[in-house]
Number of protein chains: 2
Amino acid sequence: MTSSKTPNKSADESDVNAALESGRRRATINDIARLAGVSKKTVSRVINQSPFVREETRVRIEAVIAEWGYAPDPQARGLAFRRSFLIGMIYDNPNPQYVVNMQLGLLDGMRGSGFELVVHPCDRSSPTFLQDVRMFIERQKLFGVVLPPSVSEDERVADLLRDIGCEYIRIASVPLDEEEHMIVGHDRLGAQAMGEHLVSLGHERIGFITGLPSFRSSHERRGGFEDALAKAGVKLDPDYVVQGAYTFESGLACGEALLAKTPRPTAIFAGNDEMAAGVLQAARRAGLTVPEDLTVVGFDDFQIAQAVWPPLTTIHIPTREVGRMAAEKLIAREGYEPGDPAKTIPYLVTRESSAPPKKV
Amino acid sequence: MTSSKTPNKSADESDVNAALESGRRRATINDIARLAGVSKKTVSRVINQSPFVREETRVRIEAVIAEWGYAPDPQARGLAFRRSFLIGMIYDNPNPQYVVNMQLGLLDGMRGSGFELVVHPCDRSSPTFLQDVRMFIERQKLFGVVLPPSVSEDERVADLLRDIGCEYIRIASVPLDEEEHMIVGHDRLGAQAMGEHLVSLGHERIGFITGLPSFRSSHERRGGFEDALAKAGVKLDPDYVVQGAYTFESGLACGEALLAKTPRPTAIFAGNDEMAAGVLQAARRAGLTVPEDLTVVGFDDFQIAQAVWPPLTTIHIPTREVGRMAAEKLIAREGYEPGDPAKTIPYLVTRESSAPPKKV
DNA sequence: GAAGCCCTTGACACCGGTTTCCACTCCCTT
DNA sequence: AAGGGAGTGGAAACCGGTGTCAAGGGCTTC
């Protein structure tokens, strides 16, 4: 009798209310249906914004929902939908600040949507990598996944996702997929801006430290830089381009290598801030003052760019904004408009580490 | 007919197999039961390691499970258990490296357990903070949550969790709760080690920059430091203790304040690495060389400690290890042993920023 | 005035597990 | 041989939602 399924507005309603109020049981769709005097299916329709509910009924049910603070159980809903309300972030980017900013951005985009973020760092070189990713997605029946670099650049992953029919957004420096699966970061434009900046300061003999070749951004950054120089009629001497690894240590080593060259470059553009910090240290060891003797610039505008001396001129990447747009795109929120692509474009931040070259 | 529930080893088995193999349908508990010729309840018993299954039956079922790569659906299981297989990390720690290391540690401890990590940054000063946390936990029916500082220090949160009966682990520098809910970080011991280090180098006039008073660790670090000095017969002059905010900028400001004092301190112990980096910059502006003119040390051993010049002597906190232990404790994994508390104790890392004071 | 259609609504099965309850073996007593 | 208790397995209900399909009411249409 207690679990009578027919709407019974008088009988055990007080009974149920008591159970709800006193016991700390949360309201279920059945409670709402009973309290509103409709079937659970109708409540379900309201929850899912079905248009086939009379306005009057909808208002009444919504009132009951609001009154009892009802929220549908994501597990039950997911079970019936054959899909969870979880978004996965699969990443192997080693930079904590990038990772955290991206997480914050994704959460920004998911706020109030009922989705939650499940983080999944990974190792692309592991032999079980693809299998792990597949298990992660299939077991949890993820609604979708976001792939920041460099996982985003792995076609095996994209193929897998298409294969198992999981929604995904790739965040990369260049388009790699159809538009609905991409957020493009335009590292190239950022590097161009930096090239223009250095040229405008009057530098002509510029050293460049590339990032890991396994990261697409490395090539984009170098390419954009070369573009800008070429446009200004300055040539990037291949001899002044060295291979870094996006780490502080590699920046130090590459910086030392570049500073050992004759003639010495008047400026060094490192592929990211950490390497630029390494170059600063190399400059210091070499007895050079930045920016008087040497201009050093980075890319990313992470915290380290402001924590070193002198603070680095760098390219700011709006990671959090990118993340927000990625999440919104993925869950295609109501009222979602494609978002302003301009907001994802990196831009120059001028600080104290760059200056015109010394007059000779 | 297709969904006959009686074990029917011959009839439509091939039928079902086909559906499983050809269609990309994953195996369910019903499939396993049919294939093994038992009821789903028995399979359930095997999954949940019930002792009331004959060895022979268990082996047979496990073979079928392995053969088909069956894994129970966390959503369905969660629905029946009234509890999800999600662990929440609720945090407001502003340091990306701490956050990422903690996440990695938690994931280490959860690996292979079937649990997943859901991240939930928060703002403790928000008026809806507690309500948000409650909604997050109740809606997702979280299995448990991990609370790093400073959320871990908020008694309102702990009360809430006890109230709604959610498992939790607090990670804090001092015990705040019963043992089963705590992982203690012993910041005090770390600060003591640093105090001993500075004293052993011969410093006696030492400046100290505290962290935010709202962080328990700030007081622990200061307390541990004072303990060590006291034990060595050195007094910490309150005039040489200034209030920082755990940020680079505050370190810069506090460093300048300390360096303006007469007589100048011969060493400055900053409550974390970022502030120490700020002090380095203040020293540089004051024309001082580190460590010759001034010893500067930090706490945390984050990346920045190695990226500045000179690299910072600091206290390493095994955050990832702490996270791993927290997760293991939370899910009380099979074969879980309390873990070696010694592994969570911070220790001194000596780099180039500390040296004996200049002979006067 | 009956047929046809649209709009609303509800009954019922189902998603993939667990729990409750009961029946049926064994096996050992008496 | 009857009686019991532990060990083992199954049927059915349940967790809290959604999909399918059919039915009721009001309206138009011929």
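Here is the naming used below: chain letters follow the sequence lines, and residue numbers restart at 1 for every chain. If you're wondering where the values come from, they're calculated on a predicted model, not measured in any experiment.
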What's the CZ-P distance between B:R34 and D:dA11, to the nearest Å?
13 Å

Rounded interatomic separation in angstrom, taking NZ from B:K41 and P from D:dG10
12 Å

Quick one: label A:V53 by what it contacts on the DNA or RNA (base, sugar-phosphate, nothing), any heavy atom closer than 4.0 Å.
sugar-phosphate

So what does A:N48 hit on the nucleic acid, given a heavy-atom distance under 4.0 Å: a base, only sugar-phosphate, or nothing?
sugar-phosphate

Check whether B:K329 reaches the backbone of B:M182 with its side chain - one donor and one acceptor, N or O, closer than 3.5 Å.
yes

Tell whether B:K40 reaches the base of D:dG10 with its side chain through a donor-acceptor pair below 3.5 angstrom.
no

Side-chain donor/acceptor of B:D154 to backbone N/O of B:R156, under 3.5 Å:
yes

Identify which nucleotide among D:dC15, D:dT18, C:dT8 has an atom closest to any side-chain atom of A:I29, counting heavy atoms from C-beta outward.
D:dT18

Thinking salt bridges, do B:R26 and B:D31 make one under a 4.0 Å N-O criterion?
no

Please report, rounded to the nearest Å, how far the C1' atom of C:dC14 is from the CG atom of B:N30.
11 Å

Think A:T57 has a side-chain N or O under 4.0 angstrom from the OP1 or OP2 of C:dT9?
yes

Decide if atom CD of A:E155 counts as having more than 12 heavy atoms of other residues, nucleotides or ligands within a radius under 6.0 Å.
yes

A:F81 CZ to C:dC14 P, straight-line distance once rounded to whole Å:
19 Å

Do A:R45 and C:dG10 have a side chain to base donor-acceptor pair shorter than 3.5 Å?
yes

May I ask you to evaluate whether B:R77 reaches the phosphate of C:dG16, defined as a side-chain N or O under 4.0 Å from OP1 or OP2?
no

Could you give the NZ-to-C1' distance, from B:K141 to D:dC15, as a whole number of Å?
7 Å

Euclidean distance, atom CG of residue B:L79 to atom P of D:dT18 [Å, nearest integer]
12 Å

Closest nucleotide among C:dC15, C:dG10, D:dT8 to the A:S39 side chain
C:dG10

Expressed in angstrom and rounded to an integer, what is the separation of B:D73 atom CG from D:dG16 atom P?
17 Å

Any side-chain N or O of A:T42 below 4.0 angstrom from OP1/OP2 of C:dG10?
yes

Can you tell me which nucleotide in C:dT19, D:dG7, C:dT8 comes closest to the side chain of A:R54?
C:dT8

Please tell me if the side chains of A:Q140 and B:E116 come closer than 4.5 Å, counting only heavy atoms from C-beta onward.
yes

Which nucleotide in the set C:dG10, D:dG17, C:dT18 lies at the smallest distance from any side-chain heavy atom of B:S44?
C:dT18

What is the distance, rounded to the nearest whole Å, between atom CD of A:E55 and atom P of C:dC7?
15 Å

N or O in side chain of B:T28 less than 4.0 angstrom from C:dG16 OP1/OP2:
no

